[in-house]
Amino acid sequence: MPKITLPDGATKDFNKSVDIDEIALSIGKGLAKATVAGFVNEELVDASEKVSKDSRIKIVKNTDDEGIEIIRHSCAHLFGHALKQIYPEAKMAIGPTIENGFYYDIDLPKSLNEKDLVSIEERMKELASKDYRVIREVVDRKKAIKIFEEREEPYKIEIINEIPDDEIIALYHHNEYVDMCRGPHVTSTRHLRSFKLTKVAGAYWRGRSKNKMLQRIYGIAWASDKDLKNHLDFLEEAEKRDHRKLGRELDLFHFQEEAAGMVFWHSNGWSIYRELEDYVRRRISKAGYQEIKTPQLLDKKLWEESGHWDKYIENMYTTVVDERELMIKPMNCPGHIQIFNQGIKSYKDLPLRMAEFGSCHRHEPSGALHGLLRVRNFVQDDAHIFCTEEQIESETILFCDLLKGIYQELGFNEISIMYADRPEVRVGSDDIWDKAEESLINAAKATGLPFNENKGDGTFYGPKLDFYLHDAIGRAWQCGTLQVDFNMPGRLGASYIGEDNSKHIPVMLHRAILGSLERFMGILIEHYEGRFPSWLSPIQVAITTIVSEVEDYSNKIEEEFRSKGIRTIIDTRNEKINYKIREHSHNKVPFILVIGKKEKENNTVALRRLGSADQEILHSNDCLKKIINETIPPDLKE
RNA sequence: GCCCACGUAGCUCAGGGGUAGAGCACUCCCUUGGUAAGGGAGAGGUCAAGAGUUCAAUUCUCUUCGUGGGCACCA
């Protein structure tokens with residue numbers, strides 16, 4: 001006679017064993033309808049699970065996080081059910097949940113296309129409406145293998161063979177379909193209403209590129225149509241912000257096939273880029289960095305010494321001149337060490353912070369290219385800090401401060417840190433790793449930013465911190481990084497004379513704040529949806545004339561603005577003011593000045609800000625002052 | 001690199017075995033108009049590149065290049 005204790009402490013007695021659905025029903029009809037699973041003493045189970053002993057029960061509703069997860073998982077099975085009805089020859093591989101939905105990898109000779117997805121989705125809806133019971137069956141390994149042999153599912157058998165002996169194997173049946181899963185799952189397909197198959201793609205079996213490529217069908221699934229629609233709206237919003245689309249519309253940059261993966265920056269885009277670079281230059285200069293510039297081509301010898309030749313030759317561009325093999329640099333560090341190595345360094349020179357806006361080329365695989373976000377030629381806001389082991393912590397703290405300030409001034413207020421420690425294969429003594437790891441953790445914690453750990457994910461040459469910023473629609477982007485390096489300085493012969501008058505190898509901190517400027521530009525464009533803060537805006541002011549007789553006056557104002565460094569254009573075209581305002585608004589110019597006869601007579605301008613229909617009549621000098629004030633970069637403001 | 005889809009005017013896209021069309025943008029003319037599209041006319045394309053099939057290819061087939069979505073990769 002089980003006694004059930006609910007989360008609020010209330011208890012219920014039953015005179016026979018009951019399942020979660022029945023418990024939910026005993027509380028209320030509405031709750032029963034929304035019940036997809038339950039916790040029995042903290043263990044997540046199917047809603048059909050029988051409870052026969054006294055237990056603590058928590059009902060999982062379709063809107064709970066666990067509930068949505070279960071719905072997504074069950075949707076993957078529903079997909080399998082529909083797919084096998086249409087394509088009985090399909091072999092099912094693996095169908096897990098992912099953020100916002102699920103996917104299923106299948107092996108099917110016929111290539112599915114978007115149209116096929118529509119018909120599969122329709123079949124899924126039909127099946128869901130049949131309200132099939134989803135029945136769980138625990139089986140032994142033999143039976144599981146037998147069933148999947150009969151069903152000709154080799155991938156499932158492969159999975160079964162890797163399940164540890166002590167783990168139970170559960171099958172889930174709805175009507176004729178059977179899938180294997182840890183569960184839990186919904187008890188009826190009626191819970192599966194708000195889903196959509198979104199795309200079909202290739203994916204390697206078990207994620208290994210040596211294996212067969214399967215077809216992966218992606219779907220999204222939510223508890224309600226409203227949530228589904230919200231997510232579709234989000235996708236639409238992301239599409240509107242797509243930097244490739246905005247790059248074209250705002251005349252920022254283009255790509256063409258003669259230089260795949262390399263950017264042609266147009267005047268507008270380059271203006272933002274330079275403003276951004278200048279800003280970072282000022283910030284790091286204040287932070288005690290020296291800026292340098294190293295060659296684009298370096299002899300193969302150096303890359304052999306650094307170890308890059310062995311590991312990355314596939315992705316490096318090479319050239320031969322005068323029988324000498326040269327490589328276009330894929331990174332800046334070896335060059336920086338060459339500068340460090342000039343002359344004899346003392347411990348008094350450390351920490352030495354060496355920065356370069358270094359242009360690097362990497363031959364990324366063709367399939368990896370993606371607008372500005374993954375390119376073959378990029379510029380890093382790169383720097384290397386040569387320091388002693390003792391200085392790692394203080395340098396990391398300074399760096400975190402700098403990074404935080406820069407992100408915030410660029411409009412990103414939500415930042416998080418990922419810490420990665422020693423991997424299995426590594427260089428350097430445990431003693432030095434201990435110290436370095438502790439330094440990074442202390443420094444990261446001192447920032448007060450959210451902090452996560454990624455065990456064993458450090459590089460072979462040292463632990464690292466990765467920095468993520470979160471954009472206007474909540475997406476996280478990894479940009480900044482700080483990597484401790486115990487390896488390369490020694491390999492390339494860097495040393496300094498310590499207080500003890502003997503030679504030591506410095507530690508090197510690789511660090512970047514924006515990462516690749518190209519990629520960061522892409523992120524900025526999407527974050528601001530092309531409406532940049534006015535200090536970054538490629539065109540800050542558009543002067544528009546109403547009638548041609550104010551042209552002289554308007555030209556004079558344009559000249560004044562330009563002479564003060566305000567990026568100004570003038571539009572004296574034979575068009576109506578409505579037309580001009582519309583166009584400059586589309587181009588996201590932050591300040592539009594309208595000049596007609598009245599303004600000319602009074603030596604004023606009408607100022608209209610982007611996104612507002614209001615106008616402000618100002619004396620032209622006052623307007624200039626105002627705009628100068630509002631276009632000062634954040635680091636130069638009082 | 002792998003899988004699927006796609007590549008037509010500057011942009012967004014329609015079309016389809018008999019060598020092309022729309023809207024916007026562009027040029028010119030009329031209009032001098034007060035805060036998100038005034039009217040008219042015109043110009044603009046080797047239909048990604050190469051090969052094949054065909055009397056005939058932008059259209060069908062193949063190859064290459066590029067783009068998109070994923071996978072793999074990302075020092």
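Just the heavy atoms: all of them, side chains too, but no hydrogens, waters or symmetry mates, feed the values below. Lettering follows sequence order; numbering is per chain, from 1.
In summary, the side chains of A/Glu551 and A/Thr545 do not present any donor paired with an acceptor at a separation below 3.5 Å, with no hydrogens or angles considered.
Regarding A/His384, its NE2 atom lies at a distance of 10 Å from the C1' atom of B/rA75, rounded to whole Å. Taking atom OH of residue A/Tyr104 and atom P of nucleotide B/rC3, one finds them 24 Å apart after rounding to whole Å. Rounded to an integer number of Å, the gap from A/Arg206 CZ to B/rC3 P is 22 Å. A straight line from NE2 of A/His363 to P of B/rG1 spans 7 Å, rounded to a whole angstrom. The separation between A/Lys212 atom NZ and B/rC3 atom C1' is 12 Å, rounded to whole Å. Rounded to whole Å, atom C1' of B/rA5 lies 13 Å from atom NZ of A/Lys110. What separates CD of A/Glu114 from P of B/rC6 is a distance of 10 Å, to the nearest Å. The separation between A/Arg374 atom CZ and B/rG68 atom C1' is 16 Å, rounded to whole Å.
Side-chain contact between A/Ile525 and A/Phe253 is present, with at least one heavy-atom pair separated by less than 4.5 Å.
For B/rC11 and B/rG45, the P atoms lie 14 Å apart once the distance is rounded to whole Å.
Residue A/His370 places none of its side-chain N or O atoms closer than 4.0 Å to OP1 or OP2 of B/rC74. For B/rC2, neither phosphate oxygen OP1 nor OP2 lies less than 4.0 angstrom from any side-chain nitrogen or oxygen of A/Ser209. For A/Ser366, a side-chain nitrogen or oxygen approaches OP1 or OP2 of B/rG1 to under 4.0 Å. Note on A/Arg573: a side-chain N or O is less than 4.0 Å away from OP1 or OP2 of B/rC26. Contact annotation: A/Tyr103 side-chain N/O to B/rG69 OP1/OP2 distance is not under 4.0 Å. Using a 4.0 Å cut-off, no side-chain N or O of A/Arg208 falls inside it from OP1 or OP2 of B/rC73. At B/rA36, one or more side-chain N or O atoms of A/Asn578 fall inside 4.0 Å of OP1 or OP2 (strictly under the cut-off). The side chain of A/Lys199 contributes an N or O atom lying less than 4.0 Å from OP1 or OP2 of B/rG70.
Comparing A/Gly207 and A/Ile546, the nucleotide of RNA chain B nearest to each residue sits closer to the 5' end for A/Ile546. Of the two residues contacting RNA chain B, namely A/Asn113 and A/Gly261, the nearest-nucleotide position lying further toward the 5' end is that of A/Asn113.
Checked against the 6.0 Å centroid criterion, the rings of A/Phe591 and A/Phe561 do not qualify as a close aromatic pair.
Within the nucleic acid shown, A/Tyr218 comes within 4.0 Å of sugar-phosphate atoms alone, with no base atom in reach, counting heavy atoms only.
A donor-acceptor contact under 3.5 Å is formed by the side chain of A/Glu599 with the base of B/rG34. Counting distance only, with no hydrogens placed and no angle test, the side-chain atoms of A/Tyr204 and the base atoms of B/rG1 include a donor-acceptor pair under 3.5 Å. The base of B/rC3 has none of its N or O atoms less than 3.5 Å from a complementary donor or acceptor on the side chain of A/Arg216.
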**Item:** Criterion ring pair (Phe, Tyr, Trp, His ring centres under 6.0 Å) on A/Phe486 and A/Trp433, from CA distance to verdict
**Value:** CA-CA 9 Å; A/Phe486 309 129; A/Trp433 275 88; 5.6 Å; yes
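With B/rC4, B/rG70, B/rA75 as the choices, the nucleotide that has an atom nearest any side-chain atom of A/Met213 turns out to be B/rG70. Nearest to the side chain of A/Ala368, among B/rG38, B/rA72, B/rA75, sits B/rA72.
No donor-acceptor pair under 3.5 Å is formed between the side chain of A/Gln215 and the backbone N or O of A/Val200. Side-chain atoms of A/Thr319 do not come within 3.5 Å of backbone N or O of A/Leu326 as any donor-acceptor pair.
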**Prompt:** For RNA chain B, what dot-bracket results from Watson-Crick or G-U pairs at under 3.5 Å, with [ ] for crossers and | for inter-strand partners?
**Reply:** (((((((..((((....[..)))).(((((.......))))).....(((((..]....))))))))))))....
